[in-house]
Protein chains: 2
Amino acid sequence: MELHPRTTTELANLLRDHDITATLQRVEIARTLLAKKQHVSAEQVMTKVNKGRYIVSKATVYNTLRLFAGKGIIKEVIVNPSKIFYEPSTTSHHHIYNVDTGELIDFEAELPQMASLPEVPEGLMVVGVDVTVRVRAGAAVA
Amino acid sequence: MELHPRTTTELANLLRDHDITATLQRVEIARTLLAKKQHVSAEQVMTKVNKGRYIVSKATVYNTLRLFAGKGIIKEVIVNPSKIFYEPSTTSHHHIYNVDTGELIDFEAELPQMASLPEVPEGLMVVGVDVTVRVRAGAAVA
DNA sequence: ATTCGTGCAAACCCTTTGCAAAGAG
DNA sequence: CTCTTTGCAAAGGGTTTGCACGAAT
């Protein structure tokens, strides 16, 4: 999926391509989420969308985020149990999470380690591999 | 750190070695957590401890889990924002998380990929690397 | 008409906190 | 005696849900 759908029509088509009925609110939420590489919380999505022309309720934001994540157009980033972040589903990358500040930084990784991944139990399929590097203020690696 | 059921004295010494005042409650919580390889929630810890001779309150369980995690004798496992799991700090391993059932399985990994980890920004130090393989029911990898 | 989506507010639930009593050193 | 730890209950806060209204076919 590219990362610059821009027009309302493009966004609506993107949603339909993922079996999502394109409504006004969903298009606006998608526009906000997919505008650029970023990690945003539900609250941030609501705030950003509501600065625009259309108003979206909290329930709709949560419903939509879950829907989008389930359909694969965005990904949940779970680094801190107190708040979920969402990001556009782009190419494989992982996260550096600053436990002091909550800051989240992407890093590209081809997952060469894929080779070393475990065999998953019979009857299960891998739906994702998340790598989180936790960092905090301090000297670099000894 | 070894991983066996221990005597009260051994547990108390372990706590002191980690700069933790050894109290009755903390020893019992440590005994439960360190009994074996496992992933337990705060609630499970409380239930297990309270089946024994001593009763521990919810506040103490949460305080103690945070304390232990900060001192490094246990690790938080964050795979699902709705509940934190805790496990003994043992050798490096990672997790397979079944998103359907919530089941969590360990897998050993020497992190050969350490070589491919990003350079962390100046002034930061790595405190941990978590790898989570998310799986669900379905055919194996195509 | 029937189905799906939205919005408001209340409910949920894990976790944290305030404060008084008990324990450790 | 002083500082720390515990326990109870209440508060906190992101997320979810119940239900009525509105939109679409």
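Residue numbers begin at 1 in each chain, while the letters A, B, ... track the order of the sequences.
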Chemist: How close or far is atom C1' of C/dG23 from atom CG of B/Leu15, stated in whole angstroms?
Modeler: 16 Å
Chemist: Think B/Gln25 has a side-chain N or O under 4.0 angstrom from the OP1 or OP2 of C/dG23?
Modeler: no
Chemist: Without decimals, in angstroms, what is the distance between A/Asn80 CG and C/dT15 C1'?
Modeler: 12 Å
Chemist: Heavy atoms under 4.0 Å, any strand shown: does A/Ile55 hit a base, just sugar-phosphate, or nothing?
Modeler: sugar-phosphate
Chemist: Let's see if you can work this out: which of C/dT6, C/dC14, C/dA9 has an atom nearest to the side-chain heavy atoms of A/Ala59?
Modeler: C/dA9
Chemist: What's the CG-P distance between B/Leu65 and C/dC14, to the nearest Å?
Modeler: 14 Å
Chemist: Please name the pair of heavy atoms, one in B/Ile105 and one in A/Pro121, separated by the smallest distance, quoted to 0.1 Å.
Modeler: CD1-CG, 4.0 Å
Chemist: Do B/Asn80 side-chain atoms and B/Gly102 backbone N/O form a donor-acceptor pair below 3.5 Å?
Modeler: no
Chemist: Counting only side-chain heavy atoms from C-beta out, which of C/dT15, C/dT17, D/dC8 sits nearest to B/Ser57?
Modeler: D/dC8
Chemist: Taking the side chain of B/Lys58 as heavy atoms from C-beta outward, which of D/dT16, C/dT15, D/dT6 is closest to it?
Modeler: C/dT15
Chemist: Separation of A/Asn50 atom CG from C/dC8 atom C1', in whole Å?
Modeler: 14 Å
Chemist: OP1, OP2 of C/dC14 versus side-chain N and O of B/Ser41: anything below 4.0 Å?
Modeler: no
Chemist: Which class fits the ring pair A/His95 and A/His39: parallel under 30°, tilted 30 to 60°, perpendicular over 60°?
Modeler: perpendicular
Chemist: Expressed in angstrom and rounded to an integer, what is the separation of A/Asp19 atom CG from C/dC4 atom C1'?
Modeler: 15 Å
Chemist: For B/Ser82 and for B/Leu24, locate the closest nucleotide of DNA chain C by heavy-atom distance; then report the residue assigned to the nucleotide nearer the 5' terminus.
Modeler: B/Ser82
Chemist: At under 4.0 Å, does any side-chain N or O of B/Thr60 touch on OP1 or OP2 of D/dG7?
Modeler: yes
Chemist: Tell me whether the side-chain N/O atoms of B/Thr21 come closer than 4.0 Å to OP1 or OP2 in D/dT5.
Modeler: yes
Chemist: Is there a side-chain contact between A/Tyr62 and the phosphate of D/dT16, meaning an N or O under 4.0 Å from OP1 or OP2?
Modeler: no
Chemist: Indicate the atoms forming the closest heavy-atom contact of A/Ser92 with A/Glu108, along with that distance.
Modeler: O-OE1, 3.5 Å
Chemist: The side chain of B/Val56 lies closest to which of these nucleotides: C/dG25, D/dG7, C/dG5?
Modeler: D/dG7
Chemist: For the pair made of CG in B/Asn63 and C1' in C/dA22, what is the distance, rounded to whole Å?
Modeler: 15 Å
Chemist: Starting at atom CD of B/Glu28, determine the distance to atom P of D/dG7, rounded to an integer number of angstrom.
Modeler: 12 Å
Chemist: On the nucleotide C/dT6, are OP1 or OP2 found under 4.0 Å from the side-chain N or O atoms that A/Thr23 carries?
Modeler: yes
Chemist: Locate the shortest heavy-atom distance separating A/Tyr54 from A/Glu28; write the atom from each residue and the value.
Modeler: CD1-CG, 3.5 Å
Chemist: Assuming nearest nucleotide by heavy-atom distance, tell me which of A/Arg66 and B/Arg26 is located more 5' along DNA chain D.
Modeler: B/Arg26
Chemist: State, to 0.1 Å, how close A/Val56 and A/Asn50 come at their nearest heavy-atom pair, and which atoms those are.
Modeler: N-OD1, 2.8 Å
Chemist: Expressed in angstrom and rounded to an integer, what is the separation of A/Phe85 atom CZ from D/dG14 atom P?
Modeler: 11 Å
